[in-house]
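Here's the structure, in structure tokens; my notes come after.
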Amino acid sequence: MRIYVGNISFRSTDETLYEAFSQYGQVEEAAVITDRQTGRSRGFAFVTMPDEDAQKAIEALDGTDVDGRTWRVSEAREPTARRPGGGRRDGDRD
DNA sequence: GTTGAGCGTT
């Protein structure tokens with residue numbers, strides 16, 4: 001599951017997220033979103049974890065104070081990566 | 001050495 005982490009400190013990095021989320025499960029990917037134009041932090045990030053661990057981490061870390069800022073943690077909106085296929089697998093069915 | 005609403009790239 002992809003997790004959206006907002007309102008993070010500009011000092012927070014990928015490892016800051018990793019160390020925080022890894023406490024609640026296996027972190028598959030942890031990436032602070034930096035402005036592609038300036039290379040500076042945009043103040044939010046994405047974390048990918050197994051569904052069960054992700055939900056635990058969300059409820060555990062949402063609203064917590066990290067590096068002076070209160071984290072806004074929730075499930076990410078968009079289905080998955082912005083690539084052809086839109087997150088839908090060929091075998092996806094109802 | 002700055003700032004503060006937000007859902008990103010391989």
Side-chain angles (χ1 to χ4, degrees):
Chain A
M1 175 187 285
R2 288 196 314 141
I3 307 171
Y4 166 77
V5 188
N7 198 51
I8 68 177
S9 172
F10 293 151
R11 289 86 180 176
S12 296
T13 65
D14 305 82
E15 68 177 289
T16 307
L17 289 160
Y18 185 89
E19 291 181 34
F21 280 86
S22 61
Q23 297 174 100
Y24 303 96
Q26 178 58 46
V27 178
E28 297 179 358
E29 183 65 273
V32 173
I33 305 306
T34 49
D35 192 317
R36 189 173 58 86
Q37 301 171 84
T38 65
R40 295 182 175 90
S41 177
R42 290 181 59 181
F44 73 97
F46 282 109
V47 178
T48 305
M49 300 179 71
D51 182 83
E52 49 186 318
D53 293 336
Q55 294 182 35
K56 291 191 306 181
I58 290 173
E59 296 188 48
L61 294 173
D62 182 35
T64 57
D65 185 271
V66 179
D67 197 50
R69 297 304 173 199
T70 304
W71 274 13
R72 305 279 74 185
V73 187
S74 63
E75 179 181 352
R77 292 176 180 170
E78 301 180 56
T80 179
R82 294 183 173 181
R83 284 190 296 173
R88 288 277 178 166
R89 301 282 81 82
D90 293 338
D92 191 1
R93 62 183 71 83
D94 293 306

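None of these values were measured; they are calculated from a predicted model. First the proteins, then the strands, lettered A, B, ... as listed; each starts at 1.
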In whole angstrom, give the distance that lies between atom [atom1] of [X] and atom [atom2] of [N].
| X | N | atom1 | atom2 | result |
| --- | --- | --- | --- | --- |
| A/Ile8 | B/dT3 | CD1 | P | 17 Å |
| A/Arg40 | B/dG1 | CZ | P | 8 Å |
| A/Arg2 | B/dT10 | CZ | P | 14 Å |
| A/Met1 | B/dC7 | CE | C1' | 15 Å |

Using 30° and 60° as the class limits, which term best fits the ring planes of A/Phe44 and A/Tyr4: parallel, tilted or perpendicular?
tilted
Under-3.5 Å donor-acceptor pair between A/Arg72 side chain and B/dG6 base:
no
Side chain of A/Arg77, base of B/dG8: donor and acceptor closer than 3.5 Å?
no
Selected nucleotide, minimal atom distance to A/Ala76 side chain, candidates B/dG4, B/dG8, B/dC7:
B/dC7
Under the rule for side-chain hydrogen bond (donor to acceptor under 3.5 Å, both in side chains), what residues qualify as partners of A/Asp67, not counting sequence neighbours?
A/Ser9
Could you tell me whether A/Gly43 contacts a base, only the sugar-phosphate backbone, or nothing, with contacts defined as non-hydrogen atoms closer than 4.0 Å?
base
Mind checking A/Ser74 for me? I need base, sugar-phosphate or nothing, with any heavy atom below 4.0 Å counting as a touch.
base
Under the criterion side chain to side chain contact (heavy atoms under 4.5 Å, CB included), which of A/Ile3, A/Thr48, A/Leu17 is the partner of A/Glu29?
A/Thr48
Between residues 44-63 of chain A and DNA chain B, which residues have a heavy-atom gap below 4.0 Å?
A/Phe44, A/Phe46
Within residues 39-59 of chain A or reaching into it, pairs that qualify as salt bridge (charged side-chain N to carboxylate O under 4.0 Å, His left out) - sequence neighbours excluded:
A/Asp53-A/Lys56
